[in-house]
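These notes concern the structure reproduced below.
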Amino acid sequence: MSVTNGVKRKHDESSKDEKHATKRQRLLPSRRALPIWKRASDIRQSLQQHNVLVLSGETGSGKSTQVPQFLLDCAWCRGKIAVTQPRRVAAISLARRVAEEMGTPCGSSSPASKVGYSVRFDESTSPSTRVKFLTEGMLLQEMLRDENMKEYSCIIVDEVHERSVNVDLILGFLKRLVQKRRSTKRPLKVVVMSATADVDSLTKFFESSNRGSAAVNDIHTSSDDIRKRSLDADESIDSADAVSRCYVEGRQYPVKLEYLGTPTDDLLEAALHRIFHIHCKEPMPGDILVFMTGQEAIQSLQKLAEEYAEGLTKEYPRILVLPLFAALPQSSQQRIFQPAPLNTRKVILSTNIAETSVTVPGVRFVVDTGKAKMKQFRNRLGLDSLLIKQISKSSADQRKGRAGREFPGQCYRLYTEDSYNKLENDNTPEILRCDMSEALLKMKARGIEDVMNFPFLTSPPREALEKALLQLLQLGALEEDGSISAIGRQLARLPLTPSLGRVIFEASRPERNCLPEVIDIASCLSVESIFLNVDTEEIREQAQIARGQLLRRQGDHLTLLAAVQAYAAERSDRRQWAERHLISHRAMQSVMDVRKQLTAQCRAANLLKGLTTQEASTAPDEGKQEQILKCFLRGFSGNVARLCPDHSYKTFVGNQTVAIHPSSVLFGRKLEAILYNEFVFTNKAYARGVSAIQVRWLEEVLEA
DNA sequence: GAGCACTGC
């Protein structure tokens, strides 16, 4: 029997191999037609001579799928190739595509698979993996665990122009790692891929020598290494240190551009006018994609457009208005992919989500309001502001390009050519807009002692770094001398902000003894809101009743705990439970994923012993409630406000006025003092994720 | 008395 099974298995495998091989052959012609194909030998040759290649290419050049395949059989490439992506879906779909092209199974489906991927909650690789697509966050985590990244011969950093903090950190780390491995038997090759033509700053970044300071800063080097390096520092830049560059044209359909003759102060009106001008004049088919700032504007325009459409005579095609933003339930988002009914034109009203994350099919016309909501962290106030800003030129061009993906298209900018010319060239890198404490902790965990002299592609202001250092010191993540503490080392590995991570640690202390509960709450606070938007009075009342048993008068933290415990206890139909309570099932599923991950990590770090999460899932008594809130106070001691005689809340630190956000269960309540998870400025300064606390708790928590 | 763009570990 075992013999026949063996024969059968062998037969299955060889037929699978055949299938893979045919597919590979079938895909070859389209690969050869890609603009990047004729640059293959250039690219191979330049990495033969140099360690770093800066590759710029517009959309459609094929760089993300082809470059890893070009490099795989180079003599220097004996290890793996990593390819980073900003988004999970991109990492997974690229891995599948490249596996097909190479004629190999994808990921963990077979031990012979040469191509895999690694994203949070989903690692799919095999012992034979040579090319691994992974999110930037995953590569960073690997870089914290393995200092030299020895298993990799090459790291390809894609979509660098998006300039996430993670990509900036990766580039800084890689610059040092290339130097470190350059004279070893296995030098590290780095390919930096970017859409914009701004290769100069990237080239300069990798070319400028940091060997002198690196020898001093790198605490992980032995004294031997340092001696060797100070010798190296005297050498002039040899050819391996030079950075080669390459430009590949893209493949896009042409897009005709039209500006407004005179500026408008009513963008909704202008958009409405433009939509119906296109609709009544342009032949079918051809959908319209409108870029707007946010949910509110989208819903207003949707209403206006639907009203207007009712007044159109029968001779015109019908119109289907579809909103698109991230907070929209998945099922509503899916509607943009379904074909419109007969004789109907789709009009998609979208946020920035359609600029990079979602590709809307069938679009011939783009209408661009030229604005977007952008987050900016104010170091001095410790507050995030989310304000409507003008987009950059590259963002405007990206939006325009969305009309030329499948056919020649048209783009209407609801601003003048003059105002386009005055826009910033590029988006502000995230590193200039965010709280630096998480990034700084990662740097410390990778052995960067002197963070002020870290090779940043763009340096954040000194104040941002100082604020972050202070914050980490206050959390106990750093020692007094600025070196990373044992706690800090563990926090850097947790998929949480340093503050939330610190809360987890606090909860594991025997006198607090509430880690499972705190994990539940921290999981909620680290994903999108679990409570569905309630936008009409009617639904709001409905939600009040439906969520009744879950709401806790102590505040949002304990309300979130009640929701997770009730959801976890639901064994029959969780989706239905979520619907009944007007809670997002999608968000709840990610909460459960995070909860599982955090529980496993706490177990591994020996913070969580014995008890299972299920056993702990009972409603906390008053004593435990106090312990839970005190843990949050340890991580968020800067996010505390007290009630003033004028009935407003003022922060303890900085004496800023802050209002409880309408989404909080404590909205409208007057309490001695509040603790909050987030301090956000939109129309005014709001506290989100709020709980009632007693002022005297602060001393106790901060003393320990 | 009134509301958060988008990613990611």
Side-chain angles (χ1 to χ4, degrees), chain A residues 84-91 118-123 134-145 159 162-167 169-170 291-299 324-328 350-358 369 371-376 384-389 391 395 398 427 430 433-434 438-439 441-442 445 491-498 500-501 522-523 526-529 531-537 540 590 593-594 597-598 600-601 647-648 659-664 666-670 677-689:
Chain A
T84 71
Q85 290 296 319
R87 282 166 291 279
R88 302 160 46 116
V89 273
S118 169
V119 301
R120 191 182 184 184
F121 309 128
D122 191 3
E123 162 116 26
L134 73 185
T135 47
E136 292 157 358
M138 281 308 243
L139 186 78
L140 265 183
Q141 284 300 317
E142 286 193 18
M143 293 185 97
L144 296 188
R145 286 175 166 80
E159 312 281 15
E162 291 192 21
R163 293 297 302 277
S164 62
V165 203
N166 282 347
V167 111
L169 283 185
I170 286 173
F291 282 102
M292 310 193 55
T293 52
Q295 186 173 344
E296 201 185 327
I298 286 172
Q299 283 164 346
L324 178 64
F325 46 89
L328 207 63
S350 172
T351 60
N352 254 353
I353 192 173
E355 205 179 290
T356 46
S357 306
V358 174
T369 60
K371 295 194 187 297
K373 277 189 192 168
M374 280 177 238
K375 213 168 202 175
Q376 169 89 45
D384 255 327
S385 58
L386 189 74
L387 301 173
I388 294 172
K389 291 266 175 69
I391 60 172
S395 188
Q398 176 73 23
N427 297 344
E430 194 187 357
R433 298 186 291 112
C434 72
E438 199 172 344
L441 183 62
K442 291 209 173 89
L491 292 191
R493 292 184 175 202
L494 284 176
L496 295 172
T497 59
L500 270 182
S523 302
S526 72
V527 306
E528 54 175 319
S529 169
F531 294 109
L532 286 174
N533 276 349
V534 282
D535 34 24
T536 67
E537 192 70 40
R540 192 168 317 132
S590 16
D593 284 337
V594 177
Q597 187 185 24
L598 290 176
Q601 276 184 275
H647 297 296
S648 70
I660 298 177
H661 194 273
S663 65
S664 170
L666 295 184
F667 179 64
R669 298 266 306 274
K670 304 293 174 209
N677 186 58
E678 256 184 313
F679 189 21
V680 193
F681 188 96
T682 50
N683 289 318
K684 59 182 185 181
Y686 284 111
R688 301 186 78 242

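A note on names: the letters A, B, ... follow the listed sequences, proteins ahead of strands, and every chain is numbered from 1.
Across all strands, A/Leu496 comes closer than 4.0 Å to base atoms (heavy-atom distances). As judged by a 4.0 angstrom heavy-atom cut-off over every strand, A/Ile353 is placed among residues touching the sugar-phosphate backbone only. Residue A/Val165 is out of contact with every strand shown, counting any heavy-atom pair closer than 4.0 Å. Using a 4.0 Å heavy-atom cutoff across all strands shown, A/Asn683 reaches sugar-phosphate atoms only and no base atom. Within 4.0 Å (heavy atoms only), A/Arg87 reaches sugar-phosphate atoms of the nucleic acid but no base atom. Residue contacts shown for A/Ile388 are absent, as no nucleic acid heavy atom lies under 4.0 Å away. Counting non-hydrogen atoms under 4.0 angstrom, A/Glu678 reaches a base of the nucleic acid. When heavy atoms are screened at a 4.0 angstrom cut-off, A/Ala326 is found touching the sugar-phosphate backbone but no base atom. Counting non-hydrogen atoms under 4.0 angstrom, A/Met374 reaches nothing in the nucleic acid. Within the 4.0 angstrom heavy-atom criterion, no nucleotide atom of any strand lies near A/Glu355.
Applying the side-chain hydrogen bond (donor to acceptor under 3.5 Å, both in side chains) rule to A/Ser663 yields the partners A/His661; only residues at least two apart in sequence or on another chain are considered. Applying the salt bridge (charged side-chain N to carboxylate O under 4.0 Å, His left out) rule to A/Lys442 yields the partners A/Glu438; only residues at least two apart in sequence or on another chain are considered.
Listed nucleotides B/dG3, B/dA5, B/dC9 differ in distance to A/Pro662; the shortest reach to its side chain belongs to B/dG3. Closest to the side chain of A/Thr351, from the set B/dA2, B/dC9, B/dA5, is B/dA5. Proximity note for A/Lys373 (side chain, C-beta onward) versus B/dC6, B/dC4, B/dA5: the nearest is B/dA5. Among B/dC6, B/dC9, B/dA5, the nucleotide with an atom closest to any side-chain atom of A/Gln295 is B/dA5.
One atom, CG of A/Leu324, and another, P of B/dC6, lie 9 Å apart when rounded to the nearest Å. Whole-Å rounding puts the A/Ile298 CD1 to B/dC4 C1' distance at 12 Å. Spacing between atom CD of A/Glu438 and atom C1' of B/dG8 amounts to 9 Å, rounded to whole angstrom units. We find that NZ of A/Lys389 is positioned 15 Å from P of B/dC4, with the value rounded to whole Å. B/dA5 atom C1' lies 13 Å from atom CE of A/Met292, rounded to whole Å. Look at CD on A/Glu123: it is 13 Å from C1' on B/dC9, rounded to the nearest Å. A straight line from CG of A/Leu494 to P of B/dG8 spans 19 Å, rounded to a whole angstrom. Distance, A/Arg163 CZ to B/dT7 C1': 16 Å, rounded to whole Å.
Using a 4.5 Å cut-off on side-chain heavy atoms (C-beta onward), A/Asn427 and A/Arg163 make no contact. Taking the side chain as every heavy atom from C-beta outward, A/Glu136 and A/Pro86 approach each other to under 4.5 Å.
A close approach under 4.0 Å does occur between a side-chain nitrogen or oxygen of A/Arg88 and OP1 or OP2 of B/dC9. Between A/His661 and B/dA2 there is no side-chain N or O to OP1 or OP2 distance below 4.0 Å. Contact between the side-chain N/O atoms of A/Tyr686 and the OP1/OP2 oxygens of B/dG3 is found at a separation under 4.0 Å. A sub-4.0 Å separation between OP1 or OP2 of B/dA2 and a side-chain N or O of A/Ser663 is absent.
Judged by distance alone, the side chains of A/Thr356 and A/Gln398 never bring a donor and an acceptor atom under 3.5 Å apart.
In terms of position on DNA chain B, the residue among A/Lys684 and A/Ser357 whose nearest nucleotide sits closer to the 5' end is A/Lys684. Both A/Ser526 and A/Gly294 lie close to DNA chain B; mapped to their nearest nucleotides by heavy-atom distance, the more 5′-ward contact belongs to A/Gly294.
A/Asn677 CG to A/Ser664 OG: the interatomic distance, rounded to the nearest 0.5 Å, is 11.0 Å.
At a cut-off of 3.5 angstrom, counting only N and O atoms as typed in the model, there is no donor on one side facing an acceptor on the other between the side-chain of A/Arg493 and the base of B/dC9.
Enclosure of atom CD in A/Glu528 by more than 12 non-hydrogen atoms of other residues, nucleotides or ligands within 6.0 angstrom is indicated.
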